[in-house]
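Below, chain A is the first sequence line, B the second, and so on; all start at residue 1.
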Amino acid sequence: MAKNLVIVESPAKAKTIEKFLGKDYLVKSSYGHVRDLAKKNQGIEIENDFKPVYEIDSDKKKVVTELKKLAKNAETIWLASDEDREGEAISWHLVKALNLDQNKTKRIVFHEITKQAITEAIKNPRGIDENLVNAQQARRILDRLVGFELSPLLWRKIKPSLSAGRVQSVAVRLIVEREQEIKKFKPESSYKVTAIFHLSKDGKNHQIKAELPKRFKTEQAAYNFLEKSKEAEFTIASIEKKPGKKSPAPPFTTSTLQQEASRKLSFPVSKTMVVAQQLYESGQITYMRTDSTNLSNMALSQAKKEIIKDFGEKYSKTRQFATKAKGAQEAHEAIRPTFLNHREASGSQDQKRLYELIWKRTIASQMADAQLERTTVKIDVSRAKEQFIAKGEIVKFDGFLKVYLESREEDDDGEEEKGLLPPIKEGEKLGLEEMNAIQRFTSPPPRYSEASLVKKLEDLGIGRPSTYAPTISTIQKRQYVTKGVSEGTQRTYQVYTLKGNEIQKDPSSEKTGADKGKLIPTDIGTLVTQFLLEYFDNIMDYNFTAKVEKEFDEIANGLKKWNEMIREFYGPFHEKVETTLQNSERVKGERHLGIDPKSGRNIYVKLGRYGPMAQIGDREEEEKPKFAGLRKNQSIESITLEEALELFKFPRELGEFEESPVTVSIGRFGPYVRHNNKFVSLKKEDDPATITKERAIELIKEKREKDKNKYIKTFEEEGIQVLNGRWGPYISHKKKNYKVPKDKEPKDLTLEDCKKIISEAGTKKKNSRTKKKK
DNA sequence: CAGTGAGCGAGCTTCCGCTTGACTT
């Protein structure tokens, strides 16, 4: 039995550290937090000065039992969780949950996983920082109180199963408000004038592209300028050269990795994290949930070596970047390759691509600035006071650009052409090849993508590296926001071209308003946000997190008692929850669309128990009102009377097939065909309003074919079935499912085999999360 | 997941932050 037990948070980290420490040390992982507030009764005794009630997570029982046993037999237990608020609390919870003897327990911390850092840490143990632990408890309790009092309020006032919280509700607010700005936005057009000049010199014909810095407000003004330019002379008025430089971006944090992987590799935020986790677990990159841009000394010297080897001494510039994120806790390094001399990752294509991005970003961050020369040329127009401007940029020394350039999310509309300018002198005359006046529209602020929302949240200090991806998925799961699917619509714009002394008008068109993959609020998201803003503007404030963080810091510094802070917050908060419960109306977002021309009854749209719906008729009328759910791409806010009337044309009878009626209708999960009590979803390309009986039958037959492959074996009497599922073959028995072991051929399973699998799974299941709800 | 929306009522939903497999149809 090892004399020393070291406990860290992550198993991958445990494996690495064990190698450094030798055989006297056993390194194990707690897998994050081992205890949390109890689920029932909020897990807080409010009347008892907010005393938290902790319980060991059901899926952590096994870990705790094992650690307990190991701790008993160890001489010294080293708690090596991260050096931040959560890490300190993890250590404290371990002391409590494992019932550790204070005398043989030591707390150590290190920021990088190197032999030196770890042996150094072992030499400098300390006790647990109770103040820091209390700051964490305050954070945890505040989040629980906010979440578990606001959510039930939403169930009562808006719709069941909704949720609210310090982080998610503000994330949704950002998206809702951005959408409102976009709706309010009225594009204005102006005319941008560009010109291509030519110059013959040294027997060569050179081109210079230039643009007017000012834009013309009206078509007429732009036309007039072109008219004036017909006979004009163009002269180089001035040439100005200025040195410039570009510096590399800092190494990746979780948030910047998510942004770049989204822009350069089109990875959703969740995919980036999954792939990064794989790279981490195979020891190829450092920890992927970090807010630090710091690199270890070892990494710095490795980077230097690689850069000098590849590009030479003058490309190397060792830098350390200050972390600028609000509330950063910096318990880890930046995300970097474990070994910078590994140029390529082993593993899947996705792993290779993400690794390459990380490698380049890390290396570039340790390279010299790029040196540029920027040239601005002004060109006079003899018959007008306006001047054209041509810009050139020469890279004098490429520096880090050799390896990596950070990308930008939005393409700048006014992106000027930059490049090499021909050799020119002041006073030289230029010929005009072509001049264009192009109508340009101002654009509304862009919708958030997953990655740009993460960036915004990080800027506001809301959320942590471990929660960015889950938050994004929560607000989608609650149907507060959805991802857009529109490629945009065509918009025509005017183009005037002056060429060979003639002006021609030639309209062109462009796509505008594309929202594919962007986050768009739903009716529910908008209504919930409005509701919360009305009654809980303090929690919806973009600075709420920053404010409470300041108080957590005071608690961590021993300047404030945690339960005092919570009491000050909870008093007015809880009262507001109570009064809102009593006094506020149920939120329906109801809109009267008009009158049904057939029946003369009122038509409304509003939020129902299952989501947005349309309604014909009033409840007081003799004939009961009829209801129909809105389609996925429709919203209470924008649906028209005509569109609402369409919804009531379902279910539609298509005729008979095999002596049973075939109907098409629209349900919770979209349009479907119903036949013999069987349901078949329509495909994307099918329109429920026009689908024919033939097509419907085709779909039914397709489904039958698919179902045929679903059943591998059936034991009728016992009610046991062997089926093919999304995750491979499984056994179904009494509505519970069991995986077929990999070493068994599902076709050859006997009844005894199945029974055995079922009973064995039963014993194993006790330890895992069985509470899985449907 | 299941293809509804009257009304009644039981029983359920929910937070943020740490961390991985287990989970599923």
Exercise for review: Under the salt bridge (charged side-chain N to carboxylate O under 4.0 Å, His left out) rule, what do E646(A) and K649(A) come out as? Steps first, then yes or no, please.
Suggested key: CA-CA 6 Å; E646(A) 278 296 308; K649(A) 295 192 176 156; 2.8 Å; yes
Exercise for review: May I have the step-by-step check of salt bridge (charged side-chain N to carboxylate O under 4.0 Å, His left out) for R107(A) and E88(A), ending in yes or no?
Suggested key: CA-CA 9 Å; R107(A) 168 81 169 116; E88(A) 203 67 18; 2.7 Å; yes
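Proximity note for S681(A) (side chain, C-beta onward) versus dT14(B), dG3(B), dT20(B): the nearest is dG3(B).
If you check every strand for non-hydrogen atoms under 4.0 Å, Q168(A) touches sugar and phosphate atoms only. Contact annotation for S163(A): backbone-only contact, meaning every heavy-atom pair under 4.0 Å involves sugar-phosphate atoms and none involves a base. Among the protein residues, T474(A) comes within range of the sugar-phosphate backbone only, with heavy atoms under 4.0 Å from sugar or phosphate atoms but none that close to a base. If you check every strand for non-hydrogen atoms under 4.0 Å, A89(A) touches nothing.
Within the 4.0 Å cut-off from OP1 or OP2 of dC15(B), at least one side-chain nitrogen or oxygen of R478(A) is found. Contact annotation: S151(A) does not reach the phosphate of dT13(B) (side-chain N/O to OP1 or OP2, under 4.0 Å).
Whole-Å rounding puts the R156(A) CZ to dA10(B) P distance at 13 Å. For the pair Q479(A) CD and dT14(B) P, the computed distance is 13 Å after rounding to whole Å. Protein atom CG of L460(A) is 17 Å distant from nucleotide atom C1' of dC16(B), rounded to whole Å. Following rounding to the nearest Å, K39(A) (NZ) and dC16(B) (C1') show an atom-to-atom distance of 11 Å.
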Report each atom pair, protein N/O against N/O of nucleotides 6-8 of chain B, whose distance is under 3.5 angstrom.
residue: dG7(B); atom: OP1; partner: R619(A); partner atom: NH1; Å: 2.9

For nucleotides 17-19 of chain B, print each protein N/O atom paired with a nucleotide N/O atom at under 3.5 Å, atom names and distance only.
residue: dG17(B); atom: OP1; partner: R166(A); partner atom: NH2; Å: 2.8
residue: dG17(B); atom: OP2; partner: T467(A); partner atom: OG1; Å: 2.9
residue: dG17(B); atom: O4'; partner: R139(A); partner atom: NH2; Å: 3.2
residue: dC18(B); atom: OP1; partner: R464(A); partner atom: NE; Å: 3.4
residue: dC18(B); atom: OP2; partner: S466(A); partner atom: OG; Å: 2.8
residue: dC18(B); atom: O3'; partner: E9(A); partner atom: OE1; Å: 3.2
residue: dC18(B); atom: O2; partner: H33(A); partner atom: N; Å: 2.6
residue: dT19(B); atom: OP1; partner: Y287(A); partner atom: OH; Å: 2.2
residue: dT19(B); atom: OP2; partner: Y287(A); partner atom: OH; Å: 2.8
residue: dT19(B); atom: OP2; partner: R289(A); partner atom: NE; Å: 2.8
residue: dT19(B); atom: O5'; partner: Y287(A); partner atom: OH; Å: 3.0
residue: dT19(B); atom: O4'; partner: G32(A); partner atom: N; Å: 3.4

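If you check the side chains of T545(A) and R166(A), you find a donor sitting under 3.5 Å from an acceptor.
Take F657(A) and apply the ring pair (Phe, Tyr, Trp, His ring centres under 6.0 Å) test, not counting sequence neighbours, and it matches H675(A).
Listed by first and then second residue, the salt bridge (charged side-chain N to carboxylate O under 4.0 Å, His left out) pairs that reach into residues 147-165 of chain A come to none, sequence neighbours excluded.
Between the NE2 atom of H93(A) and the CD1 atom of I128(A) there is a distance of 10.5 Å, given to the nearest 0.5 Å.
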Can I get a per-line list of side-chain donor-acceptor pairs under 3.5 Å for residues 621-629 of chain A, giving both atom names and the distance, sequence neighbours left out?
residue: E621(A); atom: OE1; partner: R601(A); partner atom: NE; Å: 2.8
residue: E621(A); atom: OE1; partner: R601(A); partner atom: NH2; Å: 3.2
residue: E621(A); atom: OE2; partner: D618(A); partner atom: N; Å: 3.3

Study note, to complete from the structure: Secondary structure of DNA chain B per the Watson-Crick/G-U criterion (both distances under 3.5 Å; [ ] crossing, | other strand, . unpaired) is .........................
